[in-house]
Amino acid sequence: MRELLQRPAIELAALIRSGQLSAAELVQASLRRIDELDPEINAFTHVAHEQALAAAAAVKPGDQRPFAGVPIAIKDNRAVAGMPLTMCSDLFGELVPSHDAFCVRRIRDAGFVIVGKTALPEMGILPTTESRRFGPTRNPWSLQRTPGGSSGGSGAAVAAGMVPIAHGNDGGGSIRIPASCCGLVGLKPARGRVSVGPDSGQSFLVTDGVLTRTVLDTAASLDVIAGYEPGDATWAPPAPGSYAELAAGESGPPARLRVGLALNPPLDGATLDPVNEAAARDAAGLLQSLGHDVEEIRPPWSGLDLLPDFTRAFGPQISMTTLIGAQLAGREPTESDVEPLTWMMWERARAQDTLTLLSSQGKLEAVARSLVAFFAPYDAVLTPALGRRPVAIGEIHGRGPDPWGNYQRSGYFTPYTAIVNVTGQPAISLPLYHGDDGLPTAVQLIGGPAREEVLLGLAHQLEQALPWADRLPNLE
């Protein structure tokens, strides 16, 4: 049963549908794996044994829902009815919502069985997962390294084989970073592709998605969670068809694509680890061998000093979560309620005037227009996924004497991801390689606006040429 959890979610659903495997057996195996491994990995903030087993018992052979009976975990910053919602912060106490977020409702409607909630850094700020409330989440490939963040618990849970798929969201790389650290596929959908309602309004930066082992699992999951919800302020145009079918090439052979290779970091002061650079260059060579046209380019994203403006836009979004937590508690937040970095962001957001916020958003939107125009001649842009190797536990956590320095250093770890949240384009992290240090080494592909199907098709082609799903961490 342990090996089953390492198989694609699509295959598991087919086994349950045909009666070769029961949902109860699969969910029980997932829960046993969580109970066995999570004391050391610490991926989960809540495990829903009784609810998951009851939901699994209701799934029968022949169930036509696309993922009927497949266990999934939900990141602990989205509401799941009857389960705690903590944001991994003391401020949220023991809050248990009575409703599902829209994307969670769609996940349930697809037949997934929710087995629990997964860890994130407090409020989802950092690209590591080491909250004060729950402690560090560890990378299954190396327990002394981060699994990334902010969807680090989800990444660790899938990499460790606790669940075959997990929910995440991405406001600066928070799906792609843990996918890169944990050897998984991580797609950030286009802006407006997945509704963030009903608890959040329009988001300039954040969108929801999943972490998986295979491109087709990611594509089929996007078919489930994508789409307008009544009242959404913005939404992406409908897909030209099923993402799963388009990714698999069912409409015809892959087209010859024009791909740009970009190595210059979008963040001033960032450097590129030679292993990560070699991965991007090797991926470029692989794309050429598959018949695509690849040329090295230099996007005009270097030297713009974007981190301050990104922080002026990102910080108030984080601080809105602090405000909501305080409102739910019925009082003003205090410094002891949250971690030092969260408190610094709260104080900066309260001191920042609206003109500064609007000016920063305007600058980011202007940069986005120039970059999307620069990328227009290319079907995809290839970059390293990370600037550095997965950092050690304790290196970046937002506490201690210099939390703001931690935040700034975190950008040097992940300089290639947040810029795509600014442009709103889809982007995917693919674990094509491994370093001599035994850690996964990923590349990032950036797609054209609202063109996830092109990105997924190219990713699936790379996966077929250089499969990675059978590469697993040794946890025995």
Side-chain angles (χ1 to χ4, degrees), residues 38-45 75-77 86-92 117-157 159 168-182 267 269-270 273 307 310-311 314-315 317-319 321-322 325 333-349 386-415 417-418 439:
D38 204 52
E40 188 168 36
I41 293 175
N42 198 30
F44 283 81
T45 61
K75 185 177 177 181
D76 198 4
N77 66 351
T86 72
M87 302 287 179
C88 286
S89 174
D90 295 331
L91 180 60
F92 277 74
K117 305 289 290 291
T118 55
L120 60 148
E122 184 175 71
M123 309 298 186
I125 298 174
L126 288 170
T128 59
T129 302
E130 304 181 34
S131 73
R132 181 178 68 188
R133 179 167 179 173
F134 292 102
T137 299
R138 299 180 181 275
N139 191 328
W141 289 95
S142 172
L143 297 179
Q144 302 310 311
R145 301 278 185 150
T146 184
S150 65
S151 307
S154 289
N169 36 50
D170 192 314
S174 292
I175 290 173
R176 292 160 288 153
I177 295 164
S180 302
C181 291
C182 294
L267 184 65
D273 186 280
L307 184 61
F310 180 85
T311 303
F314 178 66
Q317 288 198 13
I318 294 298
S319 295
T321 307
T322 304
T334 66
E335 189 170 357
S336 62
D337 287 324
V338 295
E339 297 176 17
L341 178 58
T342 309
W343 187 252
M344 290 182 73
M345 283 202 162
W346 168 256
E347 291 192 313
R348 285 177 178 236
L386 301 173
R388 295 178 54 193
R389 310 299 290 151
V391 299
I393 297 290
E395 185 173 337
I396 298 172
H397 52 61
R399 300 185 296 278
D402 186 21
W404 200 252
N406 269 223
Y407 173 73
Q408 292 175 310
R409 287 196 304 277
S410 74
Y412 300 140
F413 170 36
T414 62
T417 55
L439 297 171

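Keep in mind the model is a prediction, meaning the values are calculated, not measured. As a basis for the values below, the full set of heavy atoms in this structure was taken, side chains included, without hydrogen atoms, waters or symmetry mates.
Around the CD atom of Glu347, the shell of radius 6.0 Å holds more than 12 heavy atoms that belong to other residues, nucleotides or ligands.
Side-chain atoms of Arg176 come within 3.5 Å of backbone atoms of Thr417 as a donor-acceptor pair (strictly under, hydrogens ignored). At distances below 3.5 Å, not a single donor-acceptor pair connects side-chain atoms of Arg388 with backbone N or O atoms of Phe413. At least one donor-acceptor pair closer than 3.5 Å links the side chain of Asn139 to the backbone N or O of Cys181. Judged purely by atom type and a 3.5 angstrom limit, Asp273 has no side-chain atom pairing as donor or acceptor with the backbone of Arg389. Using a distance-only test at 3.5 Å, with no hydrogens or angles considered, no donor-acceptor pair links the side chain of Ser174 to the main chain of Ser151. Distance alone, capped at 3.5 Å, places no donor-acceptor pair between the Asp38 side chain and the Ile41 backbone. The main-chain N or O of Gly148 is found under 3.5 Å from a side-chain atom of Thr129 such that the two form a donor-acceptor pair. Side chain of Trp346 to backbone of Ser319: no donor-acceptor contact under 3.5 angstrom is found.
When side chains are defined from C-beta on, Thr311 counts as touching Trp404, because their heavy atoms get closer than 4.5 Å. Looking at heavy atoms from C-beta onward, Ser410 lies out of side-chain contact with Thr128 at the 4.5 angstrom threshold. Pro147 has its side chain out of reach of Pro178: every pair of non-hydrogen atoms, C-beta onward, lies at least 4.5 Å apart.
Applying side chain to side chain donor-acceptor pair (under 3.5 Å) to Ser89 and the options Glu122, Arg133, Arg132 leaves one that passes, Glu122.
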>> As a quick check of understanding, evaluate side chain to side chain contact (heavy atoms under 4.5 Å, CB included) for Tyr412 and Val391, giving each step before the final call.
In response: CA-CA 11 Å; Tyr412 300 140; Val391 299; over 6 Å; no
